[in-house]
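One structure below.
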Amino acid sequence: MTEQTTASAEDLAAAGADQLPPPRTFAGRFLASMWTANTVTVTVLAVLLALVIGGILIAISDEAVRATFSYFFSRPSDFFTLSWDKVSDAYAQLFKGSIVDPATVQAAVNGTGPWERVFFPISETLTYAAPLALTGLAFAVAFRGGLFNIGVQGQAIMGAVGAAIAGFLLPLPVGIHLVVALVFGAAFGGMYGFVPGFLKARTGAHEVITTIMLNYVALFFLGWLIVQKGIQDPERSDAISKPVDDSAQLTHLLGFLGPSLRVNLGIVVAILVVAAIAWLLRRSTFGFELRAVGLNPEASRTAGIGVGSTYVMVMTVAGALAGLGGATIVLGTAVSLTGAVIGGVGFDGLLVGLLGRAKPWGVFFAALLFGALSAGGNRMQSFSGISLELVGVIQALIVIFVAAPALVKTVFRLRPAKVSGLGTGMSKGW
Amino acid sequence: MTASTVEAAQSVVEPVRYWTRQRKVGVGLAAVGVVAALLFGSLATSRKAEFTLAETISGSAVGIDGTVGAVVFGVLAALAGAAMLVTARRWFGWLLGLGIVSALISFLCWQLSQAPDNLNTIPLGSVARSSVTLALPLILGALAGVLCERSAVINVAIEGQFLMGAFAAAMFTTLAGSVWVGILAAGAGGLIIALLLAVLAIRFLVDQVVLGVVLNVFALGLTGFLYEQLMAKDQSKYNQPTFVPEWDIPGLSKIPLIGPALFKGNIFLYGAIVLVILIHVGLFYTRWGLRTRAVGEHPAAADTLGVKVLALRYRNVLVGGLVAGFGGAYFTLLSTTNFNKNMTSGLGFVALAALIFGRWSPIGSMLAALFFGFCSALAFSLGSINSPIPSQFLNMLPYIATIIAVAGLVGRVRAPAADGTPYIKG
Amino acid sequence: MANDDISLTVEPGEIHALLGENGAGKSTLMNVLYGLLQPDEGEILVDDKPVQIRGPRDAIAAGIGMVHQHFMLVPVFTVAENVMLGAEQTTGGPIGFLDRRRARKLVREVSDRYRLAVDPDRTVEDLPVGVQQRVEIVKALTREVDLLILDEPTAVLTPQETEDLLEIMRTLKAAGKSIVFITHKLKEVKAIADRITVIRRGRTVGTAPPDTSEEELASLMVGRSVLLRVDKGASEAGAAVLDVAGFAVNDDRGHRAVDGVDLTVRAGEVLGIAGVQGNGQTELIEAIMGLRPVVAGTATLDGRPMHGLSTREILRAGVGYVPEDRSVDGLVKDFTVAENLVLDIYNTEPYGTRWVVRPEAIAESARARIEQFDVRTDASGQATVGTLSGGNQQKVIVAREFSRPLKLFIAAQPTRGVDVGSIEFIHRQIVHERGEGTAVLLVSSELDEVLALADRVAVMYRGRVIAVVSPDTPREEIGLLMAGVTTDDPATARTGSEDD
């Protein structure tokens with residue numbers, strides 16, 4: 001059953017990093033996370049490699065580029081120039097849409113354009129990153145506890161439902177209303193995470209199967225709920241709920257610069273929760289149990305730790321995190337429930353959690369990267385005509401390369417170094 | 001001093017606990033039956049509920065008064081549950097089956113009796129046929145899983161293989177004007193994902209569940225991207241596949257109930273049946289199967305006897321990819337008319353559940369897939385008789401049934417012992 | 001480096017013993033010979049001709065067969081399937097349908113020819129260990145090997161089964177087969193070997209004829225003379241601490257593993273459980289620890305019933321436990337030494353509370369215990385346990401369990417796969433704990449260890465304690481008991497089934 005894989009030395013580096021005294025400042029933590037082991041190198045190269053393959057896809061899917069194939073051998077330069085133009089334009093848009101567009105800075109400095117446009121890309125990136133960080137954590141926490149939570153999507157849906165219901169049904173004053181709505185989101189998600197945890201502890205039903213099924217149940221439930229009387233927006237005939245009260249919405253942080261800057265308190269919530277989970281894993285009794293059970297349930301049981309109850313607890317916490325992720329969407333940007341209110345933020349959470357190597361701050365930076373790709377992808381789609389789906393391909397490729405450090409090392413002929421792979425420590429069967 | 005050997009006869013008898021699993025299930029079933037009798041009985045009207053073996057609702061049918069039917073069959077279910085309390089173990093399966101079927105009929109009596117006139121008939125032939133049809137991709141996906149996991153490579157990427165197969169089938173059927181070219185292309189599409197799975201799992205030792213999940217996202221993105229960049233821009237050139245032909249088996253297809261379900265089929269139906277048999281026979285009666293199972297249970301033992309563990313894993317994963325890709329073609333060549341983004345909507349994961357529910361055996365997986373297909377078909381039929389139950393809840397049925405099945409009836413199943421662990425020599 | 005410049009020559013029809021202590025590199029050497037590992041340098045000659053052995057296939061072709069220490073059998077397969085795997089009898093043709101009839105016949109033939117008594121239709125996981133080993137031998141013989149490597153074949157056998165195995169080896173020798181017999185047990189070597197090669201730390205330290213004295217062989221093996229005798233005073237047994245009555249426990253597959261066991265362990269004494277592995281010892285102690293459901297019977301700790309207590313409650317009630325398989329049940333390998341040292345008490349003062357853990361306090365106590373228990377690791381305790389040697393890992397477990405006040409200490413195979421230095425250290429710790437008035441329940445498949453430490457010896461056979469005897473009882477008599485043969489002398493033995 002437990003054939004020891006390459007886990008040993010590599011995971012030790014990763015696990016050991018947790019034990020170092022945590023740097024006090026945020027910047028210190030950032031740097032520590034940048035320089036732990038050699039994982040940064042691999043991550044950067046993985047991103048690079050994924051972008052290269054994405055570029056190839058852009059080129060070959062372009063009509064004009066394909067036209068050059070017919071005379072490739074007589075004039076190959078056409079192919080390369082055209083491809084280069086196409087790909088570099090696409091990636092330039094990706095950058096401008098996610099970080100900053102130099103033209104808007106120029107304009108703002110000259111006084112010919114608003115500052116709002118300068119901050120728009122970064123605002124979009126952070127807007128996308130906030131729920132991703134939370135759903136990524138939902139996956140990561142379960143992963144550290146030895147559970148593979150594919151149910152983040154369903155838990156996030158339930159979270160969105162809970163938050164929205166509290167948001168438009170409860171008449172509460174400003175401030176309290178928002179807090180209550182967030183708590184509702186976490187509670188709904190938590191309850192939904194409790195179910196597979198309980199089933200696992202009680203009957204041994206594998207969480208991969210039960211969480212997948214629960215995703216569908218949540219989706220159908222949402223579809224039913226939003227057409228019910230009292231929930232559905234009475235002014236609309238399509239399937240959409242009433243909007244959340246203003247008092248329950250997450251405040252826009254840069255609203256004073258312009259209405260298009262959507263970045264809201266959600267990112268602050270995400271950062272606080274990431275810090276809290278980092279503390280929880282390292283310094284709390286539950287975190288100790290979670291990590292022990294995740295790494296070796298048999299030894300944990302022998303040492304008197306309740307493995308079943310830990311699983312239930314882990315899934316409940318994971319569900320609550322996913323629920324918060326769904327809540328930040330409905331309270332921050334979507335405002336109303338629709339059938340696709342949270343999009344694919346739950347499934348993307350799996351990738352974010354993996355890319356962040358299931359560590360809280362790692363997950364946060366992974367969420368920033370994915371948020372940037374999503375924000376930039378929108379601009380790339382509208383300005384270069386490259387389908388947004390490309391972002392999904394790039395994201396998947398990044399995670400594949402990060403998950404297979406040996407592959408990246410082979411491609412780039414790196415010296416063998418200590419690089420932690422993903423989950424090699426929990427290589428196990430059903 | 002005389003010596004004697006201690007005999008192995010068991011001396012301590014386990015104290016008999018009254019609440020065995022059978023009795024617990026029995027109580028649960030009895031409760032379901034009572035609830036059915038009371039609830040469905042009171043909700044049902046005295047109009048007729050009709051059942052016919054045919055595929056359409058016209059023609060002869062067996063009818064029963066709705067209220068009477070709901071109560072009678074509810075009571076029958078309760079009795080079956082009660083009988084479990086007092087009968088021997090060997091009756092468990094029969095009683096459970098009887099109880100579930102009775103409860104289901106009770107429920108249907110209620111549903112049918114309140115349906116509008118002319119809709120109060122349920123055509124069982126049609127339910128059987130759509131059960132089988134809906135199960136087809138799940139059977140093929142689960143078989144792909146059997147091939148991989150029996151040789152100890154976990155395949156969570158069935159969904160991705162479906163998508164690639166569906167995409168390739170749509171595109172190449174349209175381009176070549178032939179479904180057979182499309183089906184070959186579908187196999188190749190599944191093969192691409194299988195190749196990635198095999199190389200990354202076997203050669204680069206990536207965690208297999210992680211890998212499967214990521215490959216699904218990759219396939220989703222890739223097919224979505226190509227769809228938008230290519231297909232959506234010129235649907236008639238790339239995305240107008242034809243259906244696969246229907247092949248009736250003369251005579252057999254006229255048998256009521258199972259005729260239309262099993263003998264009025266197409267390449268997917270007959271392909272699935274042949275593959276189930278082939279893989280079952282292959283696994284348990286041939287050299288390939290013996291080696292595959294050995295590699296899945298104890299690769300080191302196989303290795304010390306000269307079996308090439310990694311080569312066999314590569315081979316099986318790749319063949320699995322072909323099968324799943326073929327299953328993917330179902331989506332564009334049979335169930336709908338063209339490719340769409342994320343059109344498999346997670347059925348690859350359901351196939352995975354069928355694999356586990358079916359205990360990693362070809363026949364078990366097929367039965368599990370049929371169970372899921374039946375739940376879906378039932379939900380569909382109820383929708384068409386204007387059931388008062390919201391369609392969303394009907395649609396949940398197969399998923400909730402799977403959870404109950406996996407949690408309640410399967411529990412801790414025994415996977416191939418080495419499933420998911422990469423093999424490293426030495 | 002596991003092997004460094006080793007030379008070994010085996011003559012036809014010779015039984016050649018390869019002697020060395022745990023971790024000396026015996027198995028590594030044989031895995032090279034069998035093609036499972038590749039040598040960095042050197043060559044292998046068969047019949048004086050150099051051969052390349054790249055894998056087991058080459059080894060079999062060269063006439064080399066191997067019975068591994070951990071059997072290479074597929075548990076869910078039948079004997080015939082296991083034997084045919086890799087060289088299947090088929091009905092021919094490209095599909096290769098299995099010809100199970102021919103396979104069964106071959107197993108029967110070989111089994112009869114060498115008097116191995118193996119039934120081809122039994123499922124391997126249902127067979128006793130001794131029979132499984134014979135299946136391994138059949139496997140090699142059907143492949144017509146000339147040289148058979150037996151890697152620690154007697155480690156899992158009763159004295160009786162060992163005798164049978166030695167007889168089989170003589171039969172094979174008479175049939176002209178050569179045998180390499182890897183072991184660390186001197187008596188067996190002297191009983192059967194034609195020649196003895198001793199290796200230590202990956203090097204050959206000498207070749208000796210079988211009439212070399214045991215003392216001489218032992219000192220060759222470990223580089224100094226070893227005393228497996230522990231200095232301990234007489235036991236001052238007090239009141240009963242653990243009382244087990246009518247215990248019945250099932251194994252993982254639902255088969256009865258412990259079948260009506262009565263045991264009493266008193267304060268200040270070591271009760272050793274002798275018996276071949278797989279006779280219910282593991283299930284017995286797991287059930288006592290609350291890790292496995294008890295089918296029938298009761299256990300009391302200091303007179304208080306243990307029924308329904310969780311493992312944590314049992315540990316906190318003053319029970320220390322060293323599980324049999326340290327890497328699976330004993331340690332979280334990716335945790336640090338410090339964390340493993342508090343795996344059972346992380347949420348009690350001063351290490352933590354219900355809500356928080358205090359890494360500083362955990363690290364501080366780790367420093368003290370690493371020093372006290374002579375764990376060879378980074379003094380801060382921040383190294384992951386998986387990087388430690390087997391002996392030091394075991395010391396971490398012992399240190400953890402001894403850091404609470406104990407009434408009862410249960411140790412299963414406490415020195416398995418541990419170097420001699422650590423063995424002596426752990427034995428001294430156990431004796432010391434006994435001196436403090438702790439009741440000790442020791443389970444070991446090494447009879448020598450039980451005899452050295454125990455004040456009373458309970459022999460387990462097929463789930464029952466068939467006798468409780470004094471450690472001064474002759475070895476042969478205990479050996480017979482381990483094989484299930486009881487005497488009717490009431491003074492030294494009592495049968496389990498006669499208990500109340």
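To find a chain, count down the sequence lines: A is the first, B the second, and so on, and within it residues start at 1. All values below were derived from every heavy atom in this structure, side-chain atoms included, with hydrogens, water molecules and symmetry-related copies excluded.
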Task: Structural part of A/Ile400 lying under 4.5 Å from a heavy atom of chain B - done: both
Task: Residue pairs fulfilling salt bridge (Lys or Arg N to Asp or Glu O under 4.0 Å) with at least one residue in residues 381-406 of chain A, sequence neighbours excluded - done: A/Glu389-B/Lys341
- [ ] Could you look at B/Ser345 and say if it's the side chain, the backbone, both or neither that has a heavy atom under 4.5 Å from chain A?
- [x] backbone
Open item on the list: For B/Leu222, which atoms come within 4.5 Å of any heavy atom of chain A: side chain, backbone, both, or neither?
Closed with: both
Open item on the list: Using heavy-atom distances under 4.5 Å, tell me whether B/Phe393 contacts chain A through its side chain, its backbone, both, or neither.
Closed with: side chain
Open item on the list: Determine whether a donor-acceptor pair (N or O, by modelled atom type, separation under 3.5 Å) exists between the side chain of A/Tyr216 and the backbone of B/Gly346.
Closed with: yes
Task: Structural part of B/Val214 lying under 4.5 Å from a heavy atom of chain A - done: both
TODO: Please state whether the side chain, the backbone, both or neither of B/Val350 comes within less than 4.5 Å of a heavy atom of chain A.
DONE: both
Open item on the list: Is A/Ile394 in contact with chain B via its backbone, its side chain, both, or neither, using a 4.5 Å heavy-atom distance?
Closed with: neither
Task: B/Phe380 CZ: over 12 foreign heavy atoms closer than 6.0 Å - done: no
- [ ] Go through the atoms of A/Leu351 and report whether side chain, backbone, both or neither lie under 4.5 Å from a heavy atom of chain B.
- [x] side chain
TODO: Name the region of A/Ile60, side chain, backbone, both or neither, that has any atom closer than 4.5 Å to a heavy atom of chain B.
DONE: neither
Open item on the list: When you measure from the side chain of B/Gln229 to the backbone of A/Ser387, do you find a donor-acceptor pair of N or O atoms at a distance under 3.5 Å?
Closed with: yes
